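Take a look at the structure below.
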Amino acid sequence: MKPTNTLNAIALVVALGFTSCGKQTGTSQAERTANAVASYVAPGEKDEYYLFYSGGHSGQVYVAGIPSLRHITTIPVFAPYPGTGYGFDDESKKMLGDFTWGDVHHPALSQTNSKYDGRWLFVNDNANNRIARIDLHDFKTHQILGPIPNSIGNHGSSFITENSEYILCATRFSVPLPKGRVADPKDYEKEFNGMVSGIKVDPKTGEMRVGWQILTPPFDWDLGSTGKGPSSGWAFWTSYNTEMAHDTLEVNSTQKDRDLAAVVNWRAAENAVAEGKAEMMDGVPIIDPAKVPGVLYFVPIGKSPHGMDVDPTGKWIVAGGKLQPATTVLNFEKVQAAINNKTFEGESRGVPILKYEAVVEGEVPVGLGPLHTQYDGKGNAYTSMFIDSCIVKWKLPPWTDAEKKDLTKVVLDKVPTHFSTGHLVVAGSDTAHPYGKWCVAMNKLSAGRHINVGPSQPESSQLIDITGEKMKMIAESYTEPEPHFAQILKVTDVQPTEVYPKDENKDPNAVWEKAQSGVTRNGNQVDAKVMAIRSRYNPDRIDAQVGDELTVHVTNVEQTRDMIHGFGLIEHNINMVIDPGETKTFHIKLTKPGVFPFYCTNFCSALHQEMQGYLVVWKPGEGPSGASGAVGGTK
Ligand code: K7E
Ligand code: CUA
C-alpha cells in the first residue's frame, strides 16, 4: 500500500483516533499516527494481502484485507447465505444436503512445492464431518465432501500436504465404527475408535475423494500439521484424553501428565493401501496400525496439548500445552532416529511410543496456555497464549549451550492481546516460504472493547507487525463468530475472474437472447428459461398451476464487472443471485394459487426497482388456456 495522499490520511485517522479511542492509554500520539498509517488503506487503494478466516459455527469463510483488517466479502460454505443466493439454487442446495450449518475451523490454501499456488482453499466442518473446496478462480464453494465415512468430529483438519496431494484429517470424537453401530459409552475403551483420514485431491481439478483411513485408539485427536523438507510425507497431531474417559472429560481426561501425539507416515499409509494391506469398512480402505507397522507412532507431549505446528524448514515440530506453561519442541531428525533405533518407551495398542527424552529438543517456557505456533521463516516462532492473553515471540533451535541450559533466554518478546487468543496466523507460516511481515491474533473474547452491541459479542482480531525485533500492535477489528485458524495470501498470488465469460458458460439451459428464452410445459413440468439484463427479465411473466413442478433457469447475460442480478420470489423462500455470465436454476413444487411477484434483489441500475415480473399460479383447470394450464409468458 502506498498512500498517495498520506498527509490527509494521517490527519483524518488521527482526528478519528482522538475522538473514539480515548481509553488507549499508553499509546503516544506519534505511535498512533505511525500505526494508523501502517494499516490505513486510503479510498481507492487496495490491501496487499487476503486474510481468509474461518467463521467457526457460522459455517462460512470471511475474507478481510490486510493491513486494513476490513471485512471485504463472505464466502458461504456450510450455511445458506441469501447475500449471494447460496443455498437457494439447485446446485448449492445439493452441496449443502440436509445440513444448514457447519463448524469451520482450519482453512488451508493449496500448495505446490510447499508454496501457496493460489488455486484452492479447503476448509473443514467439525460438526458434520465434511471438507469443502473453495476455488480461488471465483471465490466460491465448488465441492463439499462428506459426511466422511468412519469419521466423527472432523476437527483435526484440513491439513494439506506440500503438493496438495492430500487433505489430512483426524477425528475429535470417537464412536463405535462403522457409523450406525451402537455400543454403551461405558465400553468406550473396547468399542470406540478414532480415525485419521487421507482425502485425495485431484491435482488438476481439486476434486476430493476419501483415499484411505488409519484406525486409532479412541483418543480425542486435536490439532495437527503436515511435514515438509526432511519431514515430507509425515503428519502430526496432538491429542487430549489419552485417558480414554467417556464422561466428565474436564477432570477425567486431564489425569496424565502427558498425552500422546500421533506421528503419521502418510506415504507409508498410501503404500500400504496400494499393497493391499487395508481392510474395507464402509467403502474405505482402513489400515490397522497394529498390523501394518511403520504407519503410526506416538510421542508423549505435556498435558492436554492443543496446536502442533511444523516450522518452515520441516525440522521442528512445536506442540502447545494448554495446561503446562511451555511449548514442546520436537526434533524431526531425532524422531527419525528413534524410529530407526526403536528407542521406544512402550506401546499403546500395538503402536510404539517414542521415548520422550530421545525426540524432544526442549520445552520453551513461553507462559500460560500456549495454543498455536506460527513462523516467520527467519528462525522465529510466535505462540498464542490463551491464558496469558498475549503473543510470545521466541527463537527456534538450534540453540547455544547457554540457551539450552536456560531456555528462558530464547523467549524474545511478548505483546499483549485482548483477550484470550486462540489461533494466530503469520502470513505463509505453513509453507516453506513464509511472507512474514504480518501476524494476526484471533481472540476469543472482545469483552466490551467495542461499542456496546449487547450480550452477543463479536470476536476480535488484532494486527501485529512482526518485521522488527519487537512485535508491534497496529490495529484491531471485530469479526463474525468465530475465527479459529486463518490463511494469508498475497493479493498478487491469485487472479480471480470478475465476470464469467459467455463462451465458458456450459449450462444447457443458459439463454443469451430473447428468442431463446420462454416457458414450456411438459405434463406437470413447467420450465422457464429467463434472461436477466439491465433492467428486466425475459420473460417477465410465468404462468403455471397448482400442483406443477416449476423449474426456473435464470441467466445473467451481463459481461460487465459487478453487474449482478437477483431473483427473489415472493412467499416461496427463493432468492437466487446470479453473477455476470452465470446461469442458476431453482426448482419448486407449486402448492398455492395466487399471483406472486418476482423481483431483482441485487441493486443493479437506476431502474433496478422496475426489474420485476409475475409468477401466476392458477387453480387447476383455470387460466387462459383452460384445463391444460397456461404457460404463456410475455416476452
Ligand atoms: Cu484450531 Cu479453535 Cu479448532 Cu485452537 S481450534 S483455538
Ligand atoms: Cu437487476 Cu437489480
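Keep in mind that what you see is a predicted model, and the values were worked out from it rather than measured. First listed ligand is number 1; within each ligand, the first listed atom is number 1.
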Open item on the list: Quick check: W316 with Y375 (ring centres under 6.0 Å apart)?
Closed with: no

Task: H105 contact mode with ligand 1 (heavy-atom cut-off under 4.0 Å) - done: side chain

Open item on the list: Just checking: C600, one of its N/O/S atoms, less than 2.8 Å away from atom 2 (Cu) of ligand 2, yes or no?
Closed with: yes

Open item on the list: If I take atom NE2 from residue H553 and atom CG from residue D507, how far apart are they, to the nearest 0.5 angstrom?
Closed with: 7.5 Å

Task: Sub-4.0 Å atoms of ligand 1 with respect to non-hydrogen atoms of K444 - done: 2 (Cu), 6 (S)

Open item on the list: What is the name of the N/O/S atom of H484 that is nearest to atom 2 (Cu) of ligand 1?
Closed with: ND1

- [ ] Check ligand 1 against H423 and write out every atom of the ligand that is under 4.0 Å from a heavy-atom position of the residue.
- [x] 1 (Cu), 2 (Cu), 4 (Cu), 5 (S), 6 (S)

Open item on the list: As a test of reading the structure, name the N/O/S atom of H608 that is nearest atom 2 (Cu) of ligand 2.
Closed with: ND1

- [ ] Measure the distances from the heavy atoms of E482 to every atom of ligand 1 and state whether one is below 4.0 angstrom.
- [x] no

TODO: State whether E582 and K140 are salt-bridged, where the test is any N-O pair (Lys NZ or Arg NE/NH1/NH2 against Asp/Glu carboxylate O) under 4.0 Å.
DONE: yes

Task: Per-atom contacts of ligand 1 with L223, taking only distances under 4.0 Å to non-hydrogen atoms - done: 1 (Cu)

TODO: Assess N602: does it contribute an N, O or S atom lying under 2.8 Å from atom 2 (Cu) of ligand 2?
DONE: yes

Open item on the list: Would you say that I75 contacts Q60 through its side chain, given a criterion of any heavy-atom pair below 4.5 Å between the two side chains?
Closed with: no

Task: ligand 1 atoms in contact with H306 (distance to a heavy atom under 4.0 Å) - done: 4 (Cu), 5 (S), 6 (S)

Task: H372 neighbourhood, listing ligand 1 atoms whose heavy-atom distance to it stays under 4.0 Å - done: 1 (Cu), 4 (Cu), 6 (S)

Open item on the list: Between D413 and K393 (salt bridge meaning N to carboxylate O under 4.0 Å), is one present in this structure?
Closed with: no

Task: Residue H106 vicinity, atoms of ligand 1 by number, heavy atom under 4.0 Å - done: 1 (Cu), 3 (Cu), 5 (S)

- [ ] State which residue, out of F485, Y62, F139, fulfils the ring pair (Phe, Tyr, Trp, His ring centres under 6.0 Å) condition with F52.
- [x] F139

Task: H155 near atom 3 (Cu) of ligand 1 via N/O/S, less than 2.8 Å - done: yes

- [ ] Examine the proximity of ligand 1 to N126 and report which part, side chain or backbone, both or neither, has a heavy atom under 4.0 Å away.
- [x] neither

Open item on the list: Only heavy atoms of G422, strictly under 4.0 Å: list the atoms of ligand 1 that pass.
Closed with: 6 (S)

Task: Donor-acceptor contact below 3.5 Å, side chain N128 vs main chain W101 - done: yes

Task: Pair H106 + H155: ring centers closer than 6.0 Å - done: yes

Open item on the list: By the definition side-chain contact (heavy atoms from CB on, under 4.5 Å), identify the one residue from L368, T373, V366 that meets it with P370.
Closed with: V366

Task: Spacing of OG1 belonging to T555 relative to NZ belonging to K529, to within rounding of 0.5 Å - done: 9.5 Å

